[in-house]
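Before any comments, here is the structure.
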Amino acid sequence: MGVRKIEHTFSEKKVSYYFDADFSYLEKIVSKEKTVLITDEIVFAAQQAKFEGWQTVVIKAGEQYKQQSTVDGIIQQLIEKEADRNTFIVGVGGGVVTDVTGYAASVYMRGLKFGFVPSTILAMVDASIGGKNGVDVGAYKNLVGLIKQPEFLLFDYSLLQTLPNAEWINGFAEIIKHACIKDADLFSLLEKNSIENFQSDAALLAVLIEKNVQIKTTVVVADEFEKGDRKLLNFGHTLGHAIENIYQLPHGHAVSVGMVAACTLSEKLNRFDPAAKERVKQLIEKYRLTSIISFDKESIWNTLKMDKKRVSNEMNFILLNKIGEAIIKPIPMQQLEELISQSL
Ligand SMILES: NC(=O)c1ccc[n+]([C@@H]2O[C@H](COP(=O)([O-])OP(=O)(O)OC[C@H]3O[C@@H](n4cnc5c(N)ncnc54)[C@H](O)[C@@H]3O)[C@@H](O)[C@H]2O)c1
Ligand SMILES: [Zn+2]
């Protein structure tokens, strides 16, 4: 099967998605001479052959390098490579690389064109889509950045062959999230399969990724600037972020704990079926994610109080009506405090 190009129209521009593409297809999209690739050292080492003949900037791997100093380093190398207004920048890597690349490309000479080749499950189904990019400032996640869409996304699923299992698992948390908020059929597909099935069946993996790319894209296109529906993508993330900060759990695991907790709140406040909650919990465990941890309610509450999603005396929570359907529910802070201490 050949490459399929699909265009999605965002407010600012059309973004081309190339599905079932081999990395080498990049040469058909951009000029090899006028392009600089940005990747991290782990992806560079794991996929060395792919980078042959391309000018490449290699950054250090890991969230701790998603900082302004890394962007400064990239800019320095772009100057050395004599990048100008006609240079194209392509981020090849996980969400850290795509976030940093989109930001660096957007500010260098007031903005060069850029595209992404996501190389983790999370980057393919989530981080590379939607135009949010930027860096952390110290411990403050994604504090600085901008919304700017890439020109294109190229999906080469074979990049995932070198992705460590722990990162596959992390990425599935976002896939389960998409199923919970938007797609009961996807939820069933996940129930019928396992990570191993997706790892060993390239066609099935392609279907899965494409379905998830479609879900995230549809949500973002409908609400690019997060006034409504895009908030649904925060399902599991409000409590998840608090847990991630305090307990240093990997993002996917923290979000999974957050999703199960959000199901409990949905049961209490939204008549979400307890049997459906059990299905969510089982699915999370099937994908080797964490469903429940014992956490210190007071420190979670103290962290939650400071969340930027808090609007005066209420906090917007994403709850489920049923599997595949979510709503935004403002919960008064006092009620939330009671629920956390009594129900979670
Ligand atoms: N912009 C957005 O809308 C958005 C959405 C979700 C997440 N994010 C951001 O994404 C980041 C997380 O992304 P991530 O989970 O991809 O993390 P990551 O970029 O740190 O990648 C995870 C690890 O896998 C390695 N890796 C990547 N691809 C590989 C491959 N093909 N083979 C071998 N190793 C590989 C990386 O070097 C890294 O060590 C966070 O910074 C988060 O804030 C952004
Ligand atoms: Zn997430």
Side-chain angles (χ1 to χ4, degrees), residues 10 23 38-51 58-67 70 91-103 106 114 116-137 139-150 153 155-178 180-181 199 212-213 216-217 219-220 224-226 230 232-241 243-245 249-259 289 318:
F10 292 80
F23 187 86
I38 298 178
T39 190
D40 73 29
E41 56 194 356
I42 295 177
V43 178
F44 189 69
Q47 302 284 342
Q48 223 158 17
K50 302 241 176 6
F51 293 95
V58 183
I59 64 172
K60 290 213 158 70
E63 183 73 29
Q64 68 271 35
Y65 295 104
K66 193 174 140 180
Q67 296 280 335
T70 300
V92 183
V96 169
V97 166
T98 56
D99 277 14
V100 167
T101 298
Y103 173 49
S106 298
F114 64 95
F116 296 140
V117 181
S119 70
T120 62
I121 296 272
L122 184 134
M124 287 187 189
V125 304
D126 191 355
S128 69
I129 303 165
K132 282 190 186 175
N133 49 61
V135 293
D136 306 334
V137 179
Y140 297 99
K141 288 263 296 165
N142 302 320
L143 191 72
V144 166
L146 63 153
I147 295 188
K148 191 163 187 282
Q149 302 300 333
L153 304 178
F155 293 91
D156 176 353
Y157 310 122
S158 77
L159 290 169
L160 298 171
Q161 284 166 10
T162 58
L163 187 70
N165 268 326
E167 297 302 338
W168 276 81
I169 292 170
N170 253 321
F172 268 82
E174 310 297 342
I175 290 177
I176 293 171
K177 175 189 80 178
H178 286 158
C180 285
I181 62 169
Q199 286 177 329
N212 279 277
V213 168
K216 169 123 192 212
T217 302
V219 170
V220 174
E224 217 173 310
F225 300 98
E226 203 160 335
R230 191 168 182 170
L232 300 182
L233 295 169
N234 288 326
F235 178 61
H237 279 64
T238 304
L239 264 162
H241 281 144
I243 290 166
E244 192 174 352
N245 286 338
L249 275 183
H251 181 72
H253 291 266
V255 167
S256 297
V257 172
M259 290 195 283
L289 286 155
I318 310 306

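Start at 1 with the first residue, then count along the sequence. Remember, it's 1-based here, ligands and their atoms both numbered in the order they're listed.
Considering all non-hydrogen atoms of both residues, G91 and T98 come closest at O-CG2, 4.5 Å. Shown here for I129 and R230, the closest heavy-atom pair between the two residues is O-NH2, 4.4 Å. For the pair K148 and F114, the tightest heavy-atom approach, listed with the atom from each and the gap, is O-CZ, 3.5 Å.
Looking at G91, G102, A127 and measuring to atom 8 (N) of ligand 1, the nearest heavy atom belongs to A127. When the options L159, T120, I42 are ranked by their closest heavy atom to atom 27 (C) of ligand 1, first place goes to T120.
Residue contacts with ligand 1, taken as heavy atom pairs separated by less than 4.0 Å, involve L122 solely via side-chain atoms from C-beta onward. When heavy-atom distances to ligand 1 are checked against a 4.0 Å cut-off, K66 comes that close only through its side chain, counted from C-beta outward. With a 4.0 Å heavy-atom cut-off, ligand 1 is reached by the side chain of P164 but not by its N, CA, C or O.
Residues I176 and L289 are in side-chain contact: their nearest non-hydrogen atoms beyond the backbone lie under 4.5 Å apart.
Remark: minimum distance from atom 9 (C) of ligand 1 to any protein heavy atom is reached at D99 OD2, 3.4 Å. Protein heavy atom in closest approach to atom 18 (P) of ligand 1: V96 CG2, 3.9 Å. Regarding atom 32 (N) of ligand 1, its nearest protein heavy-atom neighbour is T162 OG1, 2.7 Å.
Of all atoms in ligand 1, listed by their number and element, those nearer than 4.0 Å to a heavy atom of V43 are 26 (N), 27 (C), 28 (N), 29 (C), 35 (C). Close contacts of ligand 1 with N142, meaning ligand atoms under 4.0 Å from a residue heavy atom, involve 43 (O). Residue contact check: S119 has heavy atoms under 4.0 Å from atoms 27 (C), 28 (N), 29 (C), 30 (C), 31 (N) of ligand 1. Below 4.0 Å from some heavy atom of K141 lie the following atoms of ligand 1, by number and element: 40 (C), 41 (O), 42 (C), 43 (O).
Note: an N/O pair closer than 3.5 Å links D40 and ligand 1 by distance alone.
Summarising the geometry, atom CZ belonging to F172 is positioned 12.0 Å from atom OG belonging to S256; distances are rounded to the nearest 0.5 Å.
Ligand 1 is approached by L163 to a heavy-atom distance shorter than 4.0 Å.
When the Zn ion (ligand 2) is compared with the N/O/S atoms of H251, atom NE2 turns out nearest.
In summary, E174 places an N/O/S atom under 2.8 Å from the Zn ion (ligand 2), meeting the contact criterion.
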